[in-house]
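Working notes, structure below.
Positions are given from 1 along the sequence. Fair warning: this is a prediction, and the values are worked out from it, not measured in the lab. Counting starts at 1 for both ligands and their atoms, in listed order.
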Amino acid sequence: TIALQHGAHGVGRRRDAAMEKWRAYGLGQFVHWGLYSIPAGEWNGKQYNGAAEWIKSWKEVPATTYDSLMYQFNPTKFNAESWAATAKQMGVKYVTITTKHHDGFCLWPSKYTNFTVANSPYKKDIIGPLVKAYDRRGIDVILYFSIMDWHNPDWRYDIKTREDSVAFDRFKQFTRNQLLELLTLYPAAKGLWFDGTWDKSWVKQAAFADSLEKEMRAMRPGLIIGSRFRADEYGKRHFDSNGNMMGDYEQGWERKIPEKITDVHGNDWDCVMTVPENQWGYSKIWKGHIKTTDELLEMLAKCVSLDGNFVLNFGPKPDGTLRTEELDLAKGIGAWMDTNSEAIYNGEYAGLVKQDWGYYVKKTGTNKIYMLVFNVPVSGALNVVLPSRTAISKVYDLGGPGLSYVPEEIGTSTYFIHLKQQTFKRPFVLVLETADNSKNSGAQYQKAK
Ligand SMILES: Cc1ccc([C@@H]2N[C@@H](C)[C@@H](O)[C@H]2O)cc1
């Protein structure tokens, strides 16, 4: 291994209560809201074909004109309680909220810049009410913060000259000031979700970022920070020069999901996902495929089955309301979670052979296995292969307590669970209770004929 001053400071998973709680969340919500929500992907009647929250980077958009959107920010219908109630009904356990995106506009009244809600017609703090509304419903809050800040004249993409270095030193102090300000103003926040950290200017700040991370963790014991915040002294991001993960969980799964357990290297991780192909901020027109409730439920199941959390993005409208499509998805996911959330919360990788019918989830600390079924085979027989000397002692359906199943043993620790009905309208969950078979002779299952 290479001697590193600013590499990963912990190897393996954090075992403290705060991180164990994060690991158990299963389902989260992302909220992208800011000035970009006003143009919503359109400028002078032309469609921006990138992600709506990146419209300031479009050559058609003069930066100063974009920044004057601050004088239009007046979400008269914003109600933090209704956003949090929607999230609660959906069954999310944590929410990640943009405090400042790349454009530099702050949704809290920062005293380190004028480019904040305080100088908009709305005037009031947005972050405070959101933290309160979500937190009092038992939904933990994570604050999204973009290091890259297109509004701040001291921002640099790289540091080439003395002048760059002087300016960027000011920028680093500004960044530290804003982060300590956020932690001070919103002590209920459980973590920080960093973005905008890929440019050389920041990647070169291994020492500064490392000491800032230490300072923030000292200020807020248990604080959760992902792998995207800082690079090591060789510029390695997410995983340091010895291959150890930076931060507390892997933040690489943006709009993509790992295929198999070896893809996640035994680390914690979350997947952040958009409803359309690639829009985080509110976009008037959603082009391409819009994910359905069942698609999103399958993504959720896949993430939890591979030891991760699934975080679905909402892009509220400039008036502060949520768009219909997102409200409908929240309802659809919430309805499924009402019946099946037991298979999502406190779930982890079950270590069983993956089958075509769906995903296994093991309840942390138990021998309870959930089968989240998305693809019913024509045969109606769900194949289950358990570790040798393990038997199924009981199977039941989370959705219908009356329905029970008798597994047919077709080989050593290998079963078919025969489904009685043939049509299923919704994904469903079977619960397996397993027992050590080595001493068990009277297991309740049919011997193969
Ligand atoms: C190339 C790229 C950079 C930043 C992003 C930001 N990360 C997401 C979580 C959104 O905030 C998006 O704007 C997306 C793609």
#### Entry: Which residue and heavy atom of the protein sit nearest atom 1 (C) of ligand 1, plus the separation
W54 CZ2, 4.7 Å
## Note on the structure
atom 10 (C) of ligand 1: closest protein heavy atom, distance to 0.1 Å, is H32 NE2, 3.3 Å
### Query
Does NZ or CZ of K172 come closer than 6.0 Å to the centre of the six-membered ring of F208, within 45° of the ring's axis?
yes
### Query
Does NZ or CZ of K354 fall inside the cone over Y359's six-membered ring, less than 6.0 Å from its centre and within 45° of the axis?
yes
### Message
If the threshold is 4.0 Å, N to carboxylate O, is there a salt bridge linking R14 and E20?
### Response
no
### Message
Taking NZ in K132 as the centre, count heavy atoms belonging to other residues, nucleotides or ligands within less than 6.0 Å. Is the count above 12?
### Response
no
### Message
Exactly one of F115, Y157, W54, Y36 should register a ring pair (Phe, Tyr, Trp, His ring centres under 6.0 Å) with W150. Which one does?
### Response
W54
### Task
Please identify each residue that fulfils salt bridge (charged side-chain N to carboxylate O under 4.0 Å, His left out) with K331, with sequence neighbours left out.
none
### Task
Output the list of atoms in ligand 1 that are nearer than 4.0 Å to some heavy atom of Y144, sorted by atom number.
11 (O)
### Query
Considering only heavy atoms of E254, which atoms of ligand 1 have at least one such atom less than 4.0 Å away?
5 (C), 6 (C), 7 (N), 8 (C), 9 (C), 14 (C), 15 (C)
### Message
With the threshold set at under 4.0 angstrom, would you say D195 reaches ligand 1 through any of its heavy atoms?
### Response
yes
#### Entry: Which residue and heavy atom of the protein sit nearest atom 13 (O) of ligand 1, plus the separation
E53 OE2, 2.7 Å
### Query
Which residue holds the protein heavy atom closest to atom 4 (C) of ligand 1, what is that atom called, and what is the gap in Å?
W198 CH2, 3.4 Å
### Message
Regarding ligand 1, does H101 bring an N or O atom to under 3.5 Å of one of the ligand's N or O atoms?
### Response
yes
### Query
Quick check, are the ring centers of Y282 and W33 under 6.0 angstrom apart?
no
### Task
Using a distance threshold of 4.0 Å (strictly less than), state whether atom 15 (C) of ligand 1 has a protein heavy-atom neighbour.
yes
